[in-house]
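As structure tokens, the structure follows; a few thoughts come after it.
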Amino acid sequence: MQLGGLVAASIAFILSYPILRAKGVYFTVLTFLVSEIFRLSMWYTPSLSGGPAGLSKIPAPNRIHLFGMGTITFTTKTSYYYLLLIIVMISLIILFRIERSFGFTWLAIRQNDSLAESVGINVMGYKLIAFVIGCFFAGIAGALFAHFMHLLTTDVTAMFGMLMSIYIVIYMVVGGQSSFAGPILGAVTLTLVPEFARPLKEYQPIIFGALVILIIFFMRQGLIGLPNYISSRLRKR
């Protein structure tokens, strides 16, 4: 797991110069293209990745011994769920502390990077920190996913293909980009909505798309800004 995070962070560091020079939608498109390059590279190198068949028979995580209190084996989804829950909580605490440390600097860069640079902020350096840290935790998530599924495939229709990359961006936009809790709220909400709409299976993409459009048009701050949106509407009335 740690190696997965370090490899992802190292690749992010190597590719940071050309990628971080792009802004907005160009940055998003460029990261999508890089992920596709890696996917296709794995597809055409079967000796390394198994090619179209992928890597199979990936073992579950090692047992955890609780110092005389027993042993946790990851043979059920329940035990793996609690492992994920602990790692996610630790990761969120670390990310929250990092944001507290650099939050105002990153906020200044997001608002106006040229102005931030004019007052002495190393814009490229702070962008690099954010990019590498994000990719490190993405690498950890990928390792956990591999051990849970026992399979990694380079198929374009796989769980983490291009479509999932687009969904991740949508989660961030819908939840709200200006708050730490925004992307978390967006991911939880847009994961639960299709589950509640499961009886309307053929209409799920329509419901999902309509919800996204409504939030983007009427709540620019995302779902995290819903209380402010409601209070402002009540004040206007």
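Below, each value reflects all heavy atoms present in this structure, side chains not excepted, and no hydrogens, waters or symmetry copies. One-based numbering along the sequence shown.
- Rounding to the nearest 0.5 angstrom, the gap separating the CD1 atom in I184 from the CG atom in L223 is 13.0 Å.
- Minimum interatomic distance between R110 and Q177 (heavy atoms only, all atoms of both residues): NH1-O, 3.2 Å.
- L48 is not connected to Y44 by any chain of hydrophobic side-chain contacts under 4.5 Å among Ile, Leu, Val, Met, Phe, Trp and Tyr, and they are in different clusters.
- Taking 4.5 Å as the limit, some side-chain heavy atom of I98 sits within range of a side-chain heavy atom of I133.
- The main-chain N or O of Y126 is found under 3.5 Å from a side-chain atom of W106 such that the two form a donor-acceptor pair.
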Practice item. Go through I170 and L190 one step at a time and tell me if the side-chain contact (heavy atoms from CB on, under 4.5 Å) criterion holds. Key: CA-CA 9 Å; I170 293 174; L190 295 182; 3.8 Å; yes
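- Interatomic distance, S16 OG to I11 CD1, rounded to the nearest 0.5 Å: 12.5 Å.
- Residue Y81 qualifies as open at atom OH: its count of foreign heavy atoms under 6.0 Å is 12 or below.
- The CD1 atom of I19 sits 11.0 Å away from the CD1 atom of I14 when rounded to the nearest 0.5 Å.
- T31 places a side-chain N or O within donor-acceptor distance of the main-chain N or O of T28, the cut-off being under 3.5 Å.
- Atom CD1 in I140 sits 11.0 Å away from atom CG in L3 (nearest 0.5 Å).
- Counting only heavy atoms from C-beta outward, the side chains of M172 and I168 never approach each other to under 4.5 Å.
- At a threshold of 4.5 Å between non-hydrogen side-chain atoms, the residues F180 and R100 do not count as touching.
- Shown here is Y26, whose OH atom has no more than 12 heavy atoms of other residues, nucleotides or ligands within 6.0 Å.
- Sparse packing is recorded around CZ of R21, with 12 or fewer heavy atoms of other residues, nucleotides or ligands lying under 6.0 Å away.
- Note on Y171: it clusters hydrophobically with L226, by side-chain heavy-atom contacts below 4.5 Å among ILVMFWY residues.
- Y80 contributes no side-chain N or O that, together with a main-chain N or O of P61, makes up a donor-acceptor pair within less than 3.5 Å.
- For N112, the CG atom counts as densely surrounded, since its 6.0 Å shell holds more than 12 non-hydrogen atoms of other residues, nucleotides or ligands.
- Nearest heavy atom pair, residue G50 against residue L55, reads N-CD2, 4.3 Å.
- Using a 4.5 Å cut-off between side-chain heavy atoms of Ile, Leu, Val, Met, Phe, Trp and Tyr, with links allowed through other members, V34 and F131 fall into the same hydrophobic cluster.
- A pairwise comparison of heavy atoms in F148 and K77 identifies CE1-CG, 4.2 Å as the closest pair.
- Note that the CG atom of D113 and the CE atom of M124 stand 9.0 Å from one another [nearest 0.5 Å].
- Side-chain atoms of R97 do not come within 3.5 Å of backbone N or O of L92 as any donor-acceptor pair.
- When every heavy atom of A8 is checked against every heavy atom of C135, the shortest pair comes out as CB-O, 3.2 Å.
- Within the 4.5 Å cutoff, the side chain of S91 has heavy atoms near those of the F137 side chain.
- Under the 3.5 Å distance criterion, the side-chain polar atoms of S231 are matched with a main-chain donor or acceptor of N228.
- Considering CD of E99 and CZ of F104, their distance stands at 10.0 Å, rounded to 0.5 Å.
- Minimum interatomic distance between I215 and G222 (heavy atoms only, all atoms of both residues): CG2-CA, 4.2 Å.
- Across L30 and A22, no two heavy atoms sit closer than the pair CD2-CB, 4.3 Å.
- I213 and V25 are members of different hydrophobic clusters when ILVMFWY side chains are connected at heavy-atom separations under 4.5 Å.
- When the side chains of ILVMFWY residues are joined at heavy-atom separations under 4.5 Å, either directly or via intervening members, V29 and V173 end up in two distinct hydrophobic clusters.
- In terms of modelled atom types and a separation under 3.5 Å, the side chain of H150 and the main chain of I58 share a donor-acceptor contact.
- Under the 3.5 Å distance criterion, the side-chain polar atoms of S179 are left unmatched by any main-chain donor or acceptor of G176.
- Put simply, the side chain of K57 does not reach to within 4.5 Å of the side chain of L151, judged on heavy atoms.
- Within a 6.0 Å radius of CZ in F32, other residues, nucleotides and ligands contribute more than 12 heavy atoms.
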